[in-house]
Amino acid sequence: GTANALLFLCLLPILPFGTSFAGEWNQQAVPFWVIRLGCTRYALGKIILSALSGFLFTTAGMLVFIGLLALRLPLFVSSSTGNVYSILLDQGHPWRYLFFYISHLALSSALFAVAALWISTMITHSFTAIAGPLVIYFVAHRFTTTLAIPTYLKAGAIVEWVHGTGTPWQALGVKAATIGILILILGVLTLINIRKKVQHA
């Protein structure tokens with residue numbers, strides 16, 4: 001439940017696919033795939049699979065964790081959280097709460113996975129791809145904390161906080177739209193970087 005645990009939650013999903021470009025580039029496998037698929041299809045495949053693997057890794061991990069705990073502990077006793085989704089607990093819908101809560105955090109994992117891919121297209125080193133998103137997050141968090149911008153645009157709200165207003169669907173929609181726009185920007189930058197690397201290889 002700590003902020004550090006959430007950051008680990010966002011770093012671990014990078015491992016399944018976020019570092020794959022760095023590995024393929026260092027093994028000189030990228031030209032092989034680009035010749036057969038084309039640069040755009042290759043890059044889009046990497047971006048989509050990175051986002052999906054990050055999202056699904058976190059979702060599966062949390063569901064397994066909850067399932068193991070549910071063997072010995074009750075799923076829900078009383079509501080002690082004050083986030084936007086807690087209204088579902090107050091209404092006696094713990095599974096719906098978990099759907100929204102897990103989806104909210106898994107979207108952050110998808111963003112971290114795509115950010116790792118983007119970084120690996122600039123510096124083709126696996127460790128840099130893993131550590132890079134965390135470094136960028138810390139800098140962005142420090143910078144956006146003092147800015148007079150809507151809370152949902154602050155780095156902490158984008159990654160860590162379960163923040164939102166309105167209904168659970170509205171809150172998740174704002175989070176999904178914010179993450180989607182950031183993934184789109186990082187995806188375009190990733191495509192540009194891959195094209196440059198292939199042209200100058």
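All of these numbers come straight from a predicted model, not from anything done at the bench. For the single chain, residues carry numbers from 1 onward in sequence order.
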How long is the span from the [atom1] atom in [X] to the [atom2] atom in [Y], to the nearest 0.5 Å?
X	Y	atom1	atom2	value
His104	Ser109	NE2	OG	11.0 Å
Glu160	Leu105	CD	CG	10.0 Å
Tyr101	Leu172	OH	CG	13.5 Å
Leu191	Arg41	CG	CZ	13.5 Å
Phe100	His93	CZ	NE2	11.0 Å
Thr59	Leu98	OG1	CG	11.5 Å

State, with a plain yes or no, whether a side-chain heavy atom of [X] is found less than 4.5 Å away from one of [Y].
X	Y	value
Ile102	Thr58	no
Leu186	Leu111	yes
Ile136	Trp118	yes
Ile66	Leu69	no

Check: [X] side chain, [Y] main-chain N or O, donor-acceptor pair, under 3.5 Å:
X	Y	answer
Lys154	Leu147	yes
Ser120	Leu117	yes
Ser108	Ile158	yes
Thr124	Thr121	no

>> Let's go through Phe99 and Tyr85 carefully: what are the C-alpha distance in whole Å and the side-chain angles of both, what is the deciding distance for side chain to side chain contact (heavy atoms under 4.5 Å, CB included) to 0.1 Å, and is it a yes or a no?
In response: CA-CA 10 Å; Phe99 166 79; Tyr85 306 126; over 6 Å; no
>> Restricting to non-hydrogen atoms, name the atom on Ile119 and the atom on Gly132 that form the minimum distance, rounded to 0.1 Å.
In response: CD1-C, 3.4 Å
> What are the two closest non-hydrogen atoms of Ala116 and Ala129, and how far apart are they?
Replying inline: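 Looking at all heavy atoms of both residues, the shortest contact is CB-O, 3.2 Å.
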>> With side chain to side chain contact (heavy atoms under 4.5 Å, CB included) as the criterion, how do Leu189 and Met122 come out once you've worked through the C-alpha distance, each side chain's angles and the decisive distance to 0.1 Å?
In response: CA-CA 10 Å; Leu189 294 174; Met122 294 183 291; over 6 Å; no
>> Pair Arg36, Tyr42 - check side chain to side chain contact (heavy atoms under 4.5 Å, CB included), show working.
In response: CA-CA 9 Å; Arg36 283 153 184 78; Tyr42 173 79; over 6 Å; no
> Do the rings of Phe127 and His125 sit parallel, tilted or perpendicular, given the 30° and 60° boundaries?
Replying inline: perpendicular
>> Checking Thr167 against Gln170 for the side chain to side chain contact (heavy atoms under 4.5 Å, CB included) test, could you report, in this order, the C-alpha distance in whole Å, the side-chain angles of both residues, the deciding distance, and whether it holds?
In response: CA-CA 5 Å; Thr167 67; Gln170 289 171 333; 3.3 Å; yes
Mind checking whether [X] and [Y] sit in one hydrophobic cluster, side chains of I, L, V, M, F, W, Y counted as touching below 4.5 Å?
X	Y	result
Ile123	Ile130	yes
Val64	Met62	no
Leu134	Phe57	yes
Leu107	Ile185	yes
Val139	Leu153	no

> Taking everything shown except Ile87 itself, do over 12 heavy atoms lie less than 6.0 Å from its CD1?
Replying inline: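 No, because the 6.0 Å sphere around CD1 of Ile87 holds 12 heavy atoms or fewer from other groups.
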> Does a donor on one side chain and an acceptor on the other come within less than 3.5 Å for Lys175 and Ser103?
Replying inline: no
